[in-house]
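All figures in this text were calculated on a predicted structure; none of them were measured in a lab. Chain A is the first sequence line, chain B the second, and so forth, proteins listed ahead of strands; every chain is numbered from 1. Values reported hereafter were calculated over all heavy atoms of this structure, with side chains retained and with hydrogens, waters and symmetry mates removed.
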There are 2 protein chains.
Amino acid sequence: MSAKIKDVAALAGVSIATVSRALGNGPVSADLRERVEQAVAQLGYRPNLAARRLRSQHSQTVGLLVSDIRNPFFTAVSRAVEDAAYRAGMRVILCNVDEDVKKEAMYLRLMQEERVCGVIFSPTGDTASRFRPDRFEFPVVMIDRAGPPGLTDAVVLDNKQAAQQLVEHLIGRGYRRIGGLFGNSSTTGAERAAGYEAALVAQGLPVAARFVPPNVDAAVAAVKSWLTEPDRPDALIASNGLLLQGTVRALMEAGMSIPGDVALAGFDNDVWTGLVGHGLTVIEQPVYDIGTLAMEMLLSRLENPSLAKRKMVLNGILLARGSTAAKQA
Amino acid sequence: MSAKIKDVAALAGVSIATVSRALGNGPVSADLRERVEQAVAQLGYRPNLAARRLRSQHSQTVGLLVSDIRNPFFTAVSRAVEDAAYRAGMRVILCNVDEDVKKEAMYLRLMQEERVCGVIFSPTGDTASRFRPDRFEFPVVMIDRAGPPGLTDAVVLDNKQAAQQLVEHLIGRGYRRIGGLFGNSSTTGAERAAGYEAALVAQGLPVAARFVPPNVDAAVAAVKSWLTEPDRPDALIASNGLLLQGTVRALMEAGMSIPGDVALAGFDNDVWTGLVGHGLTVIEQPVYDIGTLAMEMLLSRLENPSLAKRKMVLNGILLARGSTAAKQA
DNA sequence: ACGAATAATGTAATCGTTTTCAATACAAAC
DNA sequence: GTTTGTATTGAAAACGATTACATTATTCGT
């Protein structure tokens, strides 16, 4: 068994209270502190976090629930959250919800049992709007996806504006039959679809939005069948990095050239998007900022629980690359 | 404050021991169990894990320390570990070491403080061989990278064989000046370099291995400068997915065609590797199996601590794609 | 030189569970 | 009818730390 504080106290010849103070930041004479540290080193003592948390009623831990750990967007955000948490002396429990409502509920319950001091959370499906913050002891900051304003704090992209920008870019490059592929299980997908539609309607162009589960395989299947239909699009946009991957794969397997046969644009500046063909045009999200800001928002909420709920909206930037080169008549 | 077991007991009109038993699997009459469940539901009671762990001396938790969360190899492994842990009624604490020895030490210390029952771990640098399992209370299973046999349990790829296979494939396709780019901070990089070298030496071909930090930017810089040197390679291999990304980027930015100017092959069948050019030739690792087996190995070790240490070696499979098409004379 | 203030230390209560142990009730066996 | 055994249940002792409070030693002002 590992050494306990009692053993350290005995070896150092002091009381356990003194050991506790020496390890924390209580007032201890240099002399005793020295002896305690010696004893700690000699025994390889490590405090038991369960005991510490139970007594101090403070977990120093935040939960981070991401929708899909395979999506580079979320790994980038999680690094930022982790860095920020670490700076603030907190730990992060990273949970992969896997776009599964049951896992989501399970992990939220776990967060309660862990008595985390807060949760950063990208809600699945309509949990975004149905979420009941009052049923949890801890404050929640939503990222990427958010419910109605005032529900919880949130850090999100201006999805509508970004999608609109993307479509306008395609229109400007001469494309007219622009299809949109969106995730069917997040507010993000819906908002991006709205921006897509608005841009097309403004120009009197036809709208063709399709909604699929947000993973690579679903996108491949959807795009493949789409391409066999009459009047196929001359351009496509995909509403996140995974759908974009699937779209590229489907186009390649169908022997289509980009942008010759179909132009392509999407979301998330994942590294590979610069490597495909002449590069894919994407909206780059400020991923690291999103994570950092979410953590800051959570910390300020912990300091001041009575503040009004805040929703921070960030803007993506358009990276125009070869996949949306001007259409050849 | 959230409800405690005492509150549940009071509401149900039973002792706290009975509540504890009703929630666990102790012997409780159907009558009382019903009343307890009602009270739990009514109060929204959730047990305090810190208290439970302190008393039961069992954390039901395993730690997973990955070298770099941005590497899809590790996210795939972590999903497998999580699934397996969940099936076994355990939680996973996922820690991103970020190829940083200090973070690695910090997280190992944290694992001790959390009193995890075991750790799955891809060690950084020469921690693989320097690691002292006896300094930790918990068993360790190393993945991807491993120290000398007998040190700890491990699940790894047959790296030497895989790299050898890759080089032989290139030789078979007509390439002769084959450069190798390897991670400089893992046993994996060294083993793959050894296989690379063995294959070349066997054919009397020149060896040109370079070692860089295992991230995209380092690979970009290394390859760019490499290409400006005289007698540049006609083929390259990259020892993991991130280095492969960087290599592709450097080649593209230098205006080189693949495989026309330089053929390319690497490790890890990340989704994007199928999308670049005519596809990149890679060694596919059984990522999900690696995670699952690591967890199984850990569980069996927990059941039977005295077993001899086991090292499980898996084989990758070569996916030949366009990036290594036969060399044009 | 004395009393008050201040600083360092120790004693013991406490956090919310699980679990040991004793107590009770009731049926079966003699 | 007493004894023995078998379930349930409750009372109370842990688990390993932090921290409120009491105590002692030290310093300082007068």
(message) At less than 4.0 Å, is any side-chain N or O atom of A:Arg55 found next to OP1 or OP2 of C:dT14? Yes or no.
(response) no
(message) Taking only side-chain N and O atoms of A:Ser15, does any of them lie within less than 4.0 angstrom of OP1 or OP2 on C:dT9?
(response) no
(request) Mind calculating the distance between NE2 (B:His58) and P (D:dG16) to the nearest angstrom? (result) 15 Å
(message) Applying the side chain to side chain contact (heavy atoms under 4.5 Å, CB included) criterion to A:Leu298, which one of A:Leu293, A:Val155, A:Val62 satisfies it?
(response) A:Val62
(message) From CG of A:Leu49 over to C1' of C:dT17, roughly how many Å is that when rounded to an integer?
(response) 17 Å
(request) Check the distance between D:dA17's P and A:Arg46's CZ and give it to me in whole angstrom. (result) 11 Å
(message) Test your reading of the model: is there a side-chain donor-acceptor pair from B:Arg145 to the backbone of B:Pro123, 3.5 Å cut-off?
(response) yes
(message) Taking the minimum atom-to-atom distance to the side chain of B:Arg52, which one of D:dT8, C:dT18, C:dT11 wins?
(response) C:dT18
(request) Could you tell me whether a side-chain N or O of A:Ser20 sits under 3.5 Å from a main-chain N or O of A:Ile16, the two making a donor and an acceptor? (result) no
(message) With a 4.0 Å cutoff (strictly under), does any side-chain N or O of B:Gln57 reach OP1 or OP2 of C:dT19?
(response) no
(request) Counting heavy atoms from C-beta on, name the nucleotide in D:dT19, D:dA17, D:dT8 closest to the side chain of B:Pro27. (result) D:dT8
(message) With a 3.5 Å distance limit and no angle check, can you tell me whether B:Glu104 reaches the backbone of B:Thr124 through a side-chain donor-acceptor pair?
(response) yes
(message) Does A:Asn304 have more than 12 heavy atoms from other residues, nucleotides or ligands lying within 6.0 Å of its CG?
(response) yes
(request) Assess whether atom CG of A:Asp31 is packed by more than 12 heavy atoms of other residues, nucleotides or ligands within 6.0 Å. (result) yes
(message) Under 4.0 Å from OP1 or OP2 of C:dG10: is there any side-chain N or O of A:Thr18 that close?
(response) yes
(request) Specify the separation, in whole Å, of atom NZ of A:Lys6 and atom P of C:dG10. (result) 16 Å
(message) Checking B:Asn96 against B:Tyr107: is there a side-chain donor and acceptor pair closer than 3.5 Å?
(response) no
(request) Round to the nearest Å and state the distance from A:Asp31 atom CG to D:dA25 atom C1'. (result) 14 Å
(message) With a 4.0 Å cutoff (strictly under), does any side-chain N or O of B:Ser56 reach OP1 or OP2 of D:dC15?
(response) no
(request) Quickly work out the A:Glu114 CD to C:dT17 C1' distance and round it to whole Å. (result) 14 Å
(message) Can you measure B:Ile5 atom CD1 to C:dT17 atom C1' for me and round it to whole angstrom units?
(response) 6 Å
(message) What is the separation between atom CG on A:Asn48 and atom C1' on D:dT18, rounded to the nearest whole Å?
(response) 13 Å
(message) Using OP1 and OP2 only, check whether a side-chain N or O of A:Ser20 sits under 4.0 Å from D:dT18.
(response) yes
(message) Quick check on C:dT9: is either OP1 or OP2 less than 4.0 Å from any side-chain nitrogen or oxygen of A:Ser29?
(response) yes
(request) Kindly determine whether B:Ser300 and B:Arg310 satisfy side-chain hydrogen bond (donor to acceptor under 3.5 Å, both in side chains), including the steps that lead there. (result) CA-CA 11 Å; B:Ser300 92; B:Arg310 291 155 302 170; 2.9 Å; yes
(request) Using a 4.0 Å heavy-atom cut-off across all strands, classify A:Leu32 as base, sugar-phosphate, or nothing. (result) sugar-phosphate
(request) Scan B:Arg21 against the nucleic acid and name what it touches under 4.0 Å (heavy atoms): base, sugar-phosphate only, or nothing. (result) base
(request) Identify whether any heavy atom of A:Ile16 sits under 4.0 Å from a base atom; if not, whether one sits that close to sugar-phosphate; answer base, sugar-phosphate or nothing. (result) base
(request) Enter the inter-axis angle for the ends of the helix from C:dA1-D:dT30 to C:dC30-D:dG1 (five pairs per end, rounded to 10°). (result) 50°
